[in-house]
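Reading through the structure tokens given below for one structure.
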Amino acid sequence: MDLLRNRRKQAASTEPSIEPSLDVTSLPSISGSVSPPEPWEEVDISSTDYARRRRELMEMMADLRSMGADALIALPSVVVIGGQSAGKSSLVEAVSGINVPKDSGTCTRCPMECNMSSHAKSWSCTITLRIGFDSNGLDLQKPTNVRFGPTITDRSEFEVWLRRAQAAILNPNVASSTFHAKTVEELKNIKNTLKFSRNVVCVSIEDPDATDLSFYDLPGLIQNEEPEAVALVKNLAEHYIEKKNTIILTTIPMSDDMENQQSMSLARAADPNGKRTIGVLTKPDTLGTGAINQRRKWVEIIEGRSEEHTLTHGFYCVRLPDDSERAQRLSRAESQRRAAEYFDTTSPWKDVTERHRFGIPGFVSDISRLLIQLIEETLPCLREDVDTLLAKCTKDFDELPPPLENDPQIEVLGRVNTFCDDFKSFVNGSHEDKSLAQRNRALYAIFKRDIRGTAPDFRPFNDPEHYVPLDDTEGNMTLIERDPGVKVMGIYDISRVIQEAIGWELPNNVPYQAKANLITQFTKLWVVPSERCLAGVNNVLDQVVDTLISTHFGRFKVLEEYFGNLIRIQVDICRARAKDAVKTALDLETIPHYTQNTHYLQTLREKWLAHYKTVRSRPALYMAPIRAEPKSPNIYEAPSRPVAEGKCDDSPSFGNTISFCSLDKPKVKFGASENKEKAETPKAKALRALAEAGYAGLQVSDLARLLPPDSFEEELVVMADVRAYFHIAYKRIIDHIPFTIEHALHHALAKQLSQSLLTSLLTDAASGSNFSERMKELVSEDASIAQRRLMLSTRKERLLNIRRRLMTFSNST
């Protein structure tokens with residue numbers, strides 16, 4: 001006893017002060033030991049400021065774990081791992097002073113959290129079940145702590161109560177109180193629902209002879225079980241030791257090679273540099289006197305001289321009671337005395353200089369000091385982590401829609417009215433989001449370009465393919481996007497059309513049917529661009545409607561699905577009506593071919609006739625250059641942004657247009673000077689001479705009348721009439737189709753939507769037995785949102801409690 005007392009006093013005298021560090025990986029290696037206070041020592045170390053601080057820190061950690069903080073932040077902890085028959089249970093007994101089940105096979109089937117406090121005058125123990133996982137091992141939103149049994153004051157009763165608590169953990173569907181009266185034999189014969197569990201048995205020990213310490217004892221690593229059980233136990237160990245604030249205690253039997261220990265492999269994987277792993281060597285008394293090499297190897301490891309096995313905090317060697325000594329129920333003091341005597345009298349252990357590396361007292365004291373130092377250093381980080389998690393949790397919670405507070409009927413009707421008002425503002429272009437109006441304007445600009453591309457391609461020559469297109473009366477532009485259905489027609493082609501249309505007309509009368517047939521050639525090409533335009537507008541409408549449905553009804557999935565279906569039915573109705581309206585608008589252009597804008601028609605006719613005559617009189621100037629034909633691009637695609645408008649005057653007299661480009665083709669040149677004073681052109685001279693002769697008010701286009709009669713005069717007149725009428729009809733249709741779509745589709749839908757939705761709603765509700773219940777069903781919250789709100793609310797409450805506990809400790813110190 002004197003030997004043990006002297007060893008403890010020596011260790012106590014070397015107690016170092018706690019110096020701040022960054023984390024567990026930067027803690028200095030242990031060079032001394034701090035022994036727990038002994039009752040026979042004159043100085044009561046447990047009353048010192050350090051002891052008080054240590055006790056408060058341990059209590060705070062226990063409180064945080066009971067709140068489930070270890071599932072949210074990395075709390076500093078000590079974890080004991082080891083394989084079967086590695087002496088892990090005996091180590092736990094020696095450290096805690098309690099007896100744990102030690103049957104054959106695996107005894108520990110769930111984690112045990114052991115909290116030891118020396119602030120007591122007599123021994124007592126309480127057991128709590130911490131349920132943080134369901135029977136499938138999935139996290140619960142909030143862990144629950146269930147007190148299990150009474151306060152235990154007799155050490156001999158602890159083992160059976162621990163067995164009962166573990167049985168309650170392994171049978172989650174049975175009330176825990178059912179196991180309070182079970183005997184050891186009954187517990188051994190129970191067929192447990194689970195083989196292993198992640199839920200924790202929490203043991204709180206008040207022992208005046210103990211050292212303030214907290215640790216987790218995990219199920220022993222196994223190999224001869226079902227693969228699922230082996231993997232579960234391994235995963236459980238990996239989960240606990242992977243955290244950077246965890247001190248790993250791995251038990252290693254000296255009767256086996258260290259390389260064979262799975263616990264060391266797991267520790268190396270989690271802590272490759274060995275900065276937070278401590279090796280606990282057990283069963284030194286199993287090495288025979290002849291195992292000289294083995295003993296020498298273990299001494300090198302203990303003294304830190306082994307290059308293969310190096311840990312920052314080193315290795316400890318303990319001798320634990322064997323089965324015969326356990327049967328004698330030796331006291332803790334007696335067990336430690338026998339171990340100390342063994343290490344001080346047995347070679348080669350007695351010759352090792354670092355004596356604190358042997359025995360339980362120095363080991364427990366060092367681990368306690370290391371844990372306290374780690375807690376001290378990580379407290380600021382824990383507060384920061386909690387604040388960060390709390391801020392994110394609050395942000396996520398605030399982003400969720402608040403629970404419904406209005407009457408369900410008011411909520412439903414209000415959302416319907418708001419949806420209809422928003423859709424009307426989209427249609428009218430008064431909404432802040434102009435996407436519907438702007439994208440449709442762009443589609444209508446493309447439609448205008450496509451219709452312009454159906455203009456007749458008349459070239460008043462015998463071989464029209466050898467000449468450039470004549471797309472305006474000034475010869476300044478050529479269509480770059482011409483409808484593929486437009487045919488190039490020369491003078492003989494027009495003559496053939498006239499001949500085919502002759503009926504009983506008198507001589508020198510061109511049949512009207514000839515012009516009607518030519519007009520039909522371009523009006524029939526308007527169907528496809530009109531349908532494409534309507535399809536593009538429908539796509540835009542679908543996107544806008546889907547967005548509005550999600551915005552106004554998306555919070556309630558039942559309501560979104562219900563009104564989404566009703567709204568899409570109305571959209572389909574208006575879409576069908578718009579399609580019919582567009583068809584009717586196109587039919588108006590088929591027959592009769594009519595306009596009251598006769599003055600404009602006559603002006604265009606005269607300009608085109610004069611242009612055709614002028615071109616025929618100078619064919620060499622309009623010969624097409626020999627070059628490859630450019631490929632026609634895809635001319636119809638709904639743009640994502642508007643196309644510029646208002647830059648095109650489609651009268652054939654001018655060359656400004658959005659859809660045309662000038663070709664580098666031969667033109668009549670009237671002087672090359674670009675000075676302000678230009679030489680008078682021949683045409684100008686002719687007009688001046690005619691004016692002097694009394695023919696004032698003539699224009700350049702009138703000069704074509706002076707040309708000699710053309711043998712194809714009739715054909716030229718037909719070309720001019722058809723070309724002039726195209727521009728009249730073109731200007732009419734590019735406005736008529738967009739107006740038709742807007743009114744038959746968008747405005748009609750906006751006008752009827754509110755009434756149709758409310759009528760359908762009332763009809764549907766009236767057909768049921770309870771109108772209020774139907775309204776409540778429509779605004780029933782999505783289950784995932786309600787579940788997430790509950791989860792975040794529970795998480796926020798946990799974090800607030802954790803933060804409050806951390807701040808309380810900070811303020812008290």
Would you sort out whether Asn245 and Thr378 count as a side chain to side chain donor-acceptor pair (under 3.5 Å), showing the intermediate values?
-> CA-CA 8 Å; Asn245 288 341; Thr378 56; 4.8 Å; no
Take Val92 and Met112 through the test side-chain contact (heavy atoms from CB on, under 4.5 Å) and record every step on the way to the result.
-> CA-CA 10 Å; Val92 170; Met112 180 183 74; 3.8 Å; yes
Please assess Leu249 against Ile367 for the test side-chain contact (heavy atoms from CB on, under 4.5 Å), listing each intermediate value before the final yes or no.
-> CA-CA 9 Å; Leu249 300 184; Ile367 298 302; 3.8 Å; yes
Please test Lys395 against Glu399 for salt bridge (charged side-chain N to carboxylate O under 4.0 Å, His left out), starting from the C-alpha separation and ending with a verdict.
-> CA-CA 6 Å; Lys395 179 177 177 293; Glu399 289 176 352; 2.6 Å; yes
Test salt bridge (charged side-chain N to carboxylate O under 4.0 Å, His left out) on Glu325 and Arg319 and set out the steps.
-> CA-CA 12 Å; Glu325 290 175 327; Arg319 179 192 180 279; 3.4 Å; yes
Please assess Arg332 against Asp207 for the test salt bridge (charged side-chain N to carboxylate O under 4.0 Å, His left out), listing each intermediate value before the final yes or no.
-> CA-CA 12 Å; Arg332 175 188 294 177; Asp207 186 356; 3.1 Å; yes
Step by step, work out the side-chain contact (heavy atoms from CB on, under 4.5 Å) result for Ile205 and Val203.
-> CA-CA 6 Å; Ile205 299 173; Val203 177; 3.7 Å; yes
Give the C-alpha distance, both sets of side-chain angles, the deciding distance and a yes or no for side-chain contact (heavy atoms from CB on, under 4.5 Å) between Val299 and Ile301.
-> CA-CA 5 Å; Val299 168; Ile301 291 174; over 6 Å; no
CA sep, side-chain torsions, deciding dist, call: Asp387, Arg803, salt bridge (charged side-chain N to carboxylate O under 4.0 Å, His left out) = CA-CA 8 Å; Asp387 288 341; Arg803 185 177 185 274; 2.8 Å; yes
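Under the rule for a side-chain contact (heavy atoms from CB on, under 4.5 Å), the partners of Ala165 that lie at least two apart in sequence or sit in another chain are Ile127, Leu129, Phe148, Val201. Legend: residues meeting side-chain contact (heavy atoms from CB on, under 4.5 Å) with Glu259, ordered by chain and number and at least two apart, are Asp257, Glu308, His309.
Within a 6.0 Å radius of CD1 in Ile292, other residues, nucleotides and ligands contribute 12 heavy atoms or fewer. For Glu238, the CD atom sits in a packed shell: over 12 heavy atoms of surrounding residues, nucleotides or ligands are nearer than 6.0 Å. Around NZ of Lys297, the count of heavy atoms belonging to other residues, nucleotides or ligands within 6.0 Å exceeds 12. A 6.0 Å sphere centred on CD of Gln328 holds more than 12 heavy atoms belonging to other residues, nucleotides or ligands. No more than 12 heavy atoms of other residues, nucleotides or ligands sit less than 6.0 Å from atom NZ of Lys557.
Screening Arg795, Arg788, Arg789, Lys796 for a salt bridge (Lys or Arg N to Asp or Glu O under 4.0 Å) with Asp396, the sole residue that qualifies is Arg788.
Figure legend: cation-pi geometry between Arg295 and Trp298 absent, as NZ or CZ is not positioned both under 6.0 Å from the six-membered ring centre and within 45° of its axis.
Remark: Arg296 does not engage Glu300 in a salt bridge, criterion side-chain N to carboxylate O under 4.0 Å. With respect to the salt-bridge test (charged N to carboxylate O, under 4.0 angstrom), the residues Glu226 and Lys195 qualify. Here Asp217 pairs with Lys88 in a salt bridge; the nearest charged N to carboxylate O distance falls below 4.0 Å. A salt bridge links Glu341 to Arg337: one of the charged nitrogens lies within less than 4.0 Å of a carboxylate oxygen. Between Asp344 and Arg355, at least one side-chain nitrogen of the basic residue sits less than 4.0 Å from a carboxylate oxygen of the acidic one, meeting the salt-bridge criterion. Salt bridge Glu797/Lys142: present, at least one basic N to carboxylate O contact under 4.0 Å.
The shortest side-chain heavy-atom distance between Glu157 and Cys125 does not fall under the 4.5 Å cut-off. Between Ile278 and Phe315, every side-chain heavy-atom pair lies at or beyond the 4.5 Å cut-off. When side chains are defined from C-beta on, Arg55 counts as touching Ser117, because their heavy atoms get closer than 4.5 Å. Side chains of Leu64 and Arg805 form a contact here, defined as non-hydrogen atoms less than 4.5 Å apart. Counting only heavy atoms from C-beta outward, the side chains of Cys110 and Ile169 approach each other to under 4.5 Å. Residues Asn99 and Arg155 form no side-chain contact, since every pair of their non-hydrogen atoms from C-beta on lies 4.5 Å or further apart. Using a 4.5 Å heavy-atom cutoff, the side chains of Leu91 and Ile360 are in contact. Side-chain contact between Phe343 and Val352 is absent, with no heavy atoms from C-beta onward closer than 4.5 Å.
With no hydrogens or angles considered, a side-chain donor-acceptor pair links Asn801 and Arg804 at under 3.5 Å. Ser214 and Arg65 form a side-chain donor-acceptor contact under 3.5 Å, judged by distance and modelled atom types alone. Donor-acceptor pairing under 3.5 Å is lacking for the side chains of Asp70 and Tyr240. Using modelled atom types, one finds no donor on one side chain facing an acceptor on the other under 3.5 Å when comparing Ser66 with Asn145. Judged purely by distance below 3.5 Å, without hydrogens or angles, the side chains of Ser368 and Asp212 never pair a donor atom with an acceptor atom.
In this structure, CG on Leu281 lies 11.0 Å from OG on Ser255, to the nearest 0.5 angstrom. Note that CZ of Phe158 is 7.0 Å distant from OG of Ser96, once rounded to the nearest 0.5 Å.
Across all non-hydrogen atoms, the minimal contact from Phe179 to Leu187 is CD2-CD2, 4.4 Å. Ile375 and Leu57 get closest at one heavy-atom pair: CG2-CD2, 3.7 Å. Of all heavy-atom pairs spanning Ile152 and Asp154, the tightest one is CG2-O, 3.4 Å. The two residues Leu799 and Leu72 make their nearest non-hydrogen contact at CD2-CD1, 3.7 Å. The two atoms that bring Ser118 and Ala210 nearest to each other are CB-O, 3.2 Å, heavy atoms only. Here the shortest heavy-atom pairing between Glu186 and Lys182 reads OE1-CA, 3.4 Å.
For Glu93 (side chain) and Val100 (main-chain N/O), a donor-acceptor pair under 3.5 Å exists by modelled atom type.
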